[in-house]
Amino acid sequence: MSESLKIAVKNLNVFYGKKQALFDINLNIFSNEVTSLIGPSGCGKSTLIKCFNRMNDLVEICKYDGEVLIDGKNINDTSTDPVSLRTRVGMVFQKPNPFPKSVYDNIAYGPKLHGMYKNKDDLDEIVVSSLQKAGLFNEVKDRLFEPGTGLSGGQQQRLCIARALAVNPEIILMDEPCSALDPIATAKIEELIEELKEKYTIVIVTHSMQQAARVSNRTAYMHMGELVETGLTKNIFSNPEHAKTQDYITGRIG
Amino acid sequence: MSEQSGHIVSSFDDDIASIRRSVTKMATLVEEQYKLLHHIIDTGSASTVEDVLENEPKLDEFDGKIRDQVITFITLRSPMAIDLREGLTALKISTDLERLGDYCKNISLRIQALEEIPPAEIKNEILRMTVMVQGQLKRVIDAYVTKNKDKALEVRNADAAIDQHYQMIYNQIIEDIKSKPNKIKTLANTKLLFTIKTIERAGDHITNIAEEIFYTVTGEILTTPRPKGESEQ
Ligand SMILES: Nc1ncnc2c1ncn2[C@@H]1O[C@H](COP(=O)(O)OP(=O)(O)O)[C@@H](O)[C@H]1O
Ligand SMILES: [Mg+2]
């Protein structure tokens, strides 16, 4: 499989007020791959992935320079509509955050908002197929009209993934998606990630080295707002080039 | 990156240190065995052969102990990068050390079973070859203890001299067989041929260890061919 560039980050600097959070980041992310971002808390992982769907626009003090290109197009151009950008670039957060609505309505929400369906049957079809893609349908098919918040933690997280899938994204960003889940629920999400990368480009922030090693093709190591090293996951975890990376993955710095 | 700072979880460092201690102790015992072997070749001492045989099971114990330590280490610590290499290398080195110990025992028994005392010039050359192996062993242990990749490379390069020496004694023994066609002599000389081949193989296992050390320290597998002494027999 020849690799094709999906997201290109070029000389990106991000500031929250006077404080600089990211320093001259250059990073390539490829289609149909899982890229994991690792690094100590506060190093800027969340800040970086929020640049991929302009979530930082919502933070008033946040300013940036540099470029983020998706399919070669600068997403910060005035011609890019942030709302439609966010349908192309879905996001799943650390804590599952289903809406206080039924399972069905959680999934239907996005397609309704963006008018992405023709009729009721069409919407039903989107809901069912999204739940199937997220590996959740069989577990909730009899509870579609019960509150999403009544599901288990792992199910809620897969519900949030289904919700992201419902609007047909190209890229899925996951910010520590398993940190609130038990090992079985985590394994289900990891299995899901493996399946999803066939169709989507996935970027995952994780604090678990083992998880990064298990799920990702490429890994980027960040430290204090800088991108220290990026490469194939198997190389990063077996023989990293930078001493800082090695110290982090082997538990020598916090 | 040879100077590593400690882990945040300090018992992680203790685990590695204790694996390294076992490997070093095992290697030191092998070194001791080769000292005894030298004495056996020199004097034919039966009691020294006993000593070698008595030490041998201790090497198997070390091998088992190191395997247990490494499995526990990998299971409980999920080591990455240099730490993982440290564990895996300990396993491979202990296998090489176990072989080295085995060879020592085999040679001792073979020497003891010799039909007659070898000619002085051949015996002296075999002793010299044993000293070379002892020196290599000492240097490879030093490279391991100090995590020194350059010392490991020196050991790897020096093995060619043992190969050359082997070839030289081989020719000498063949000449001896040709010059005095006598059945007893030929039997003894055949055992000597096996003996020197085994000593030469011991050198190869030391080279393996040197390569393992290089890999642990650098993460790189040596791909250049080992320097070779003349033809292979
Ligand atoms: N909304 C914000 N306002 C001000 N500072 C922020 C904001 N979000 C993040 N930061 C700062 O930016 C840096 C990077 O944070 P973040 O991207 O959340 O790191 P990570 O996800 O790697 O833990 C931190 O120093 C953090 O305090
Ligand atoms: Mg974060």
Side-chain angles (χ1 to χ4, degrees), chain A residues 34-43 45 176 178-179 181-184 186-187 190 204-224 227-254, chain B residues 1-20 23 69-93 143-144 146-150 152-153 210-224:
Chain A
V34 180
T35 300
S36 57
L37 301 183
I38 61 170
S41 286
C43 70
K45 305 176 295 292
E176 301 178 42
C178 300
S179 57
L181 305 184
D182 69 42
I184 307 234
T186 298
E190 290 180 4
I204 177 171
V205 171
T206 175
H207 280 295
S208 158
M209 300 302 110
Q210 273 69 37
Q211 179 167 65
R214 284 191 301 260
V215 303
S216 66
N217 307 91
R218 274 169 220 271
T219 295
Y221 174 63
M222 295 175 66
H223 185 80
M224 293 171 71
L227 183 71
V228 175
E229 178 167 0
T230 170
L232 292 176
T233 298
K234 66 175 191 321
N235 296 340
I236 296 278
F237 287 111
S238 60
N239 196 18
E241 277 179 24
H242 289 259
K244 270 186 198 163
T245 315
Q246 172 138 298
D247 284 349
Y248 182 71
I249 63 170
T250 60
R252 288 178 166 91
I253 50 164
Chain B
M1 288 203 293
S2 70
E3 260 320 298
Q4 284 281 316
S5 58
H7 290 86
I8 299 162
V9 177
S10 60
S11 54
F12 200 131
D13 291 331
D14 300 341
D15 283 359
I16 294 179
S18 119
I19 291 172
R20 290 184 64 83
V23 172
Q69 283 179 303
V70 171
I71 286 176
T72 307
F73 173 63
I74 291 176
T75 310
L76 302 186
R77 304 284 181 198
S78 302
M80 295 265 191
I82 190 166
D83 299 332
L84 178 59
R85 294 199 296 275
E86 191 75 70
L88 297 181
T89 302
L91 281 184
K92 294 197 81 172
I93 293 181
Y144 181 75
T146 58
K147 303 185 192 182
N148 187 316
K149 71 177 164 67
D150 298 321
L153 275 182
E211 289 178 351
E212 291 298 330
I213 295 167
F214 186 88
Y215 172 68
T216 308
V217 177
T218 65
E220 288 163 37
I221 294 173
L222 286 162
T223 48
T224 52

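So that the names make sense, note that chain A is the first sequence line, chain B the second, and so on, each numbered from 1. Just so you know, these numbers come straight off a predicted model, no measurement behind them.
Heavy-atom minimum distance, B/Ala81 versus A/Thr250: CB-CG2, 4.1 Å.
Applying the side chain to side chain contact (heavy atoms under 4.5 Å, CB included) rule to B/Ser18 yields the partners B/Arg21, B/Gln69; only residues at least two apart in sequence or on another chain are considered. For B/Phe12, the ring pair (Phe, Tyr, Trp, His ring centres under 6.0 Å) partners at least two apart in sequence or on another chain are B/His7, B/Phe73.
For the atom pair CG (B/Asp83) and CD1 (A/Ile249), the distance works out to 8.5 Å, reported to the nearest 0.5 Å.
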Subject >> Pair B/Ile82-A/Arg252, side-chain contact (heavy atoms from CB on, under 4.5 Å): steps then yes or no >> reply: CA-CA 12 Å; B/Ile82 190 166; A/Arg252 288 178 166 91; 4.0 Å; yes
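For A/Ser238, the part sitting under 4.5 Å from any heavy atom of chain B is the backbone (N, CA, C, O) and nothing else.
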